Amino acid sequence: MKLSQEVARRRTFAIISHPDAGKTTLTEKLLLFAGAIHIAGSVKARKASRHATSDWMEIEKQRGISVASSVMQMEYRGCVINLLDTPGHQDFSEDTYRVLTAVDAAVMVIDAGNGVEPQTRRLLEVCRSRNTPILTFINKLDREVRQPIDLMDELERVLGMDVVPFTWPVGMGKAFHGVFDIRARRMRVFRAGGDRREDGGEFLDGLDNPVCAQRFDPEFSQARQEIELVSAASTPFDQVAFLQARQTPVFFGSAINNFGVQEVLDALADLAPHPGPKMAVSREVVPEEPKFTGVVFKIQANMDPAHRDRVAFVRVCSGRFERGMRLRVGRTGKDIRPGSVVSFLSQRRELLDEAFPGDIIGIPNHGTLQLGDTLTEGELLQFTGLPFFAPEMFQSVEVADPMRAKQLRTGLKQLGEEGAIQVFRPHLGGPLLLGAIGALQFEVVAHRLKHEYGVAARYLPTQYTQARWVTADDERELRRFIEANGHRIAYDAVDAPAFMISFAAELTVAQERWEHIRFHALREHAGLVFHAPA
């Protein structure tokens, strides 16, 4: 098959939501309906032997939350679908932001009882800033929830884009009878599902079908009035507007009951874009280019604790990947020849021989690859857009048993490289500093240090509340600043210097005194492409 045909078959998307909206459940059910799995794990029944396929880390199984992004590949209707499940919890938003740089579309899951929640808005802003097309799934219609008209109004107001209903619910809660497919003009009758897919289903054609009214009134008559109203008031679906993130198709359903999932899967195959061009510092890279390029958007340590491995998740951007091919790391200029490259169904891996643009491949390595690294067949490229945010919380860390100090440093180095937490090494020496976006990151790191590295870590409070990476056009001026402020300088995982701040006024004073130094709240990758000072 030609490269262009393989590109056209790919659909690479992320599922995003506020915690508890049903994101991981929808992920499971998409896998189920695509035939990738045959029994879905129950996200709630954490004490049972089954867990969500996309939640593989021990702490995820204990807590019933997703704290790491998972990657899953499946085939459906001739399309190769790469699905990336992201953490819903805001404390892990950095991982989610980086995953969003590796996808071509997103499915946004909304809890029909709560509407658009804060974390959903933050993730949406990231999608909008990248013009990532969004499909919206309004979940939990099997419960007593908000009226669909109200949810549509809120979506349009908060998202700042046109919302186009593709399906509409008939009732809710105990009176939930199904969803009406507005474009196909037929109703799929609700039947509670479970952990297995049931083929087929009952359909009733037509909005004026008397059988629908006989069986499902008064809910069906209300739904018919609402459908007529929204059909007249809504903007017609426009594929170009959708691809430009100016319009989102909306679907209703109940993921836990396997209901409304088929429609979302079909829409992904029909509407979601195939891989497009990606910007590098020097030029634009298009998928159909014959030579391979890829970017590391995620590092995960200890996916297989028995092997103490680190897997670099690489988004293929152009060309054809072949196992054993020679690849150049843009950051170092060194060549690697990966032989045990894998594809994913969460933690289950399969050796792969080839991959195409849009695919996510895993390259096991021992620290050779870092977040943001670009891989090519020889050209020195650096892709842009992989964000690292300045932490908002800090703790210093020491080991309870001094004999385990080496294991502590090894564990923190690896966890820092994968982006689980940011690790800072003080310029003047002393305990390592951990920086996080949210407190739960500290808890997860302590858990992983204990269970994956055999280290009991002790956290101690610090006086720092902010950090800013520092750069200057004149290297001598930067060195002068570092020496003058040595007690406030620390280096991150790629040795980028950061200015540690206890009070906001300290940043203001430093900016006034050192006018040639730039202070950054965001850096992009190991190549240190910094954003505007902040």
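Just so you know, these numbers come straight off a predicted model, no measurement behind them. Heavy atoms only: backbone and side chains are in, while hydrogens, waters and symmetry mates are out.
Phe166 meets the ring-ring contact (aromatic ring centres under 6.0 Å, His included) test with Phe237, Phe251; sequence neighbours excluded. For Val158, the side-chain contact (heavy atoms from CB on, under 4.5 Å) criterion is met by Val116, Arg121, Glu154, not counting sequence neighbours. With sequence neighbours excluded, the residues forming a side-chain hydrogen bond (donor to acceptor under 3.5 Å, both in side chains) with Asp359 are Arg10, Gln73, Asn82, listed by chain and number. Listed by chain and number, the residues in a side-chain contact (heavy atoms from CB on, under 4.5 Å) with Val211 are Leu204, Asn209, Arg215 (sequence neighbours excluded). Listed by chain and residue number, Asp181, Arg186 satisfy the side-chain contact (heavy atoms from CB on, under 4.5 Å) test with Ala184 (two or more places apart in sequence, or in another chain). The ring-ring contact (aromatic ring centres under 6.0 Å, His included) test applied to His177 returns Phe216, not counting sequence neighbours. Scored by the salt bridge (charged side-chain N to carboxylate O under 4.0 Å, His left out) test, Lys140 finds Asp111 as partners (sequence neighbours excluded). Shown here are the side-chain contact (heavy atoms from CB on, under 4.5 Å) partners of Ala272, two or more places apart in sequence or in another chain: Arg11, Ala105, Leu268. Here Glu392 pairs with nothing under the salt bridge (charged side-chain N to carboxylate O under 4.0 Å, His left out) rule; sequence neighbours left out.
Here the side chain of Gln422 pairs a donor or acceptor atom with the backbone of Phe389 at under 3.5 angstrom. Using a distance-only test at 3.5 Å, with no hydrogens or angles considered, no donor-acceptor pair links the side chain of Arg315 to the main chain of Ile360. Proximity of a side-chain donor or acceptor of Glu289 to a complementary backbone N or O of Val286 within less than 3.5 Å is detected.
Counting only residues at least two apart or in different chains, ring pair (Phe, Tyr, Trp, His ring centres under 6.0 Å) contacts with residues 129-151 are absent. Annotation: side-chain hydrogen bond (donor to acceptor under 3.5 Å, both in side chains) contacts involving residues 161-176, sequence neighbours excluded, comprise Trp168-Glu226. For residues 250-268, every residue pair satisfying the salt bridge (Lys or Arg N to Asp or Glu O under 4.0 Å) rule, not counting sequence neighbours, is listed here: Arg77-Asp266, Arg188-Glu263.
From Phe442, atom CZ reaches atom CG of Leu434 across 6.0 Å, with rounding to the nearest 0.5 Å.
Residues Thr136 and Ile134 meet the side-chain proximity criterion, which asks for heavy atoms closer than 4.5 Å. At least one side-chain heavy atom of Phe180 sits under 4.5 Å from a side-chain heavy atom of Ile227. A heavy-atom distance below 4.5 Å is not found between the side chains of Val311 and Ile299. Between Leu83 and Thr27, some side-chain heavy-atom pair lies under the 4.5 Å cut-off. Taking 4.5 Å as the limit, some side-chain heavy atom of Arg9 sits within range of a side-chain heavy atom of Glu75. Between Val7 and His274, some side-chain heavy-atom pair lies under the 4.5 Å cut-off. Between Ser318 and Glu288 the shortest side-chain heavy-atom distance does not fall below 4.5 Å. Considering only heavy atoms from C-beta on, Ile138 stays 4.5 Å or farther from Val145 through its side chain.
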task: Could you check Arg323 against Glu354 for salt bridge (Lys or Arg N to Asp or Glu O under 4.0 Å), going step by step and ending with a plain yes or no?
output: CA-CA 6 Å; Arg323 183 148 56 100; Glu354 62 178 5; over 6 Å; no

Test log, rule side-chain contact (heavy atoms from CB on, under 4.5 Å), inputs Ile149 and Val230: CA-CA 8 Å; Ile149 291 277; Val230 297; 3.6 Å; yes

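The heavy-atom pair separating Val296 from Ala312 by the smallest distance is CG1-CB, 4.0 Å. The two residues Cys212 and Met187 make their nearest non-hydrogen contact at SG-SD, 4.4 Å. Minimum heavy-atom separation, Cys317 to Pro357: O-CB, 3.9 Å. When all heavy atoms of Pro287 and Pro277 are compared, the closest pair comes out as CD-N, 4.0 Å. Nearest approach of Thr132 to Ala106, heavy atoms of both residues: CG2-N, 4.0 Å. Of all heavy-atom pairs spanning Gln147 and Met172, the tightest one is NE2-CE, 3.7 Å.
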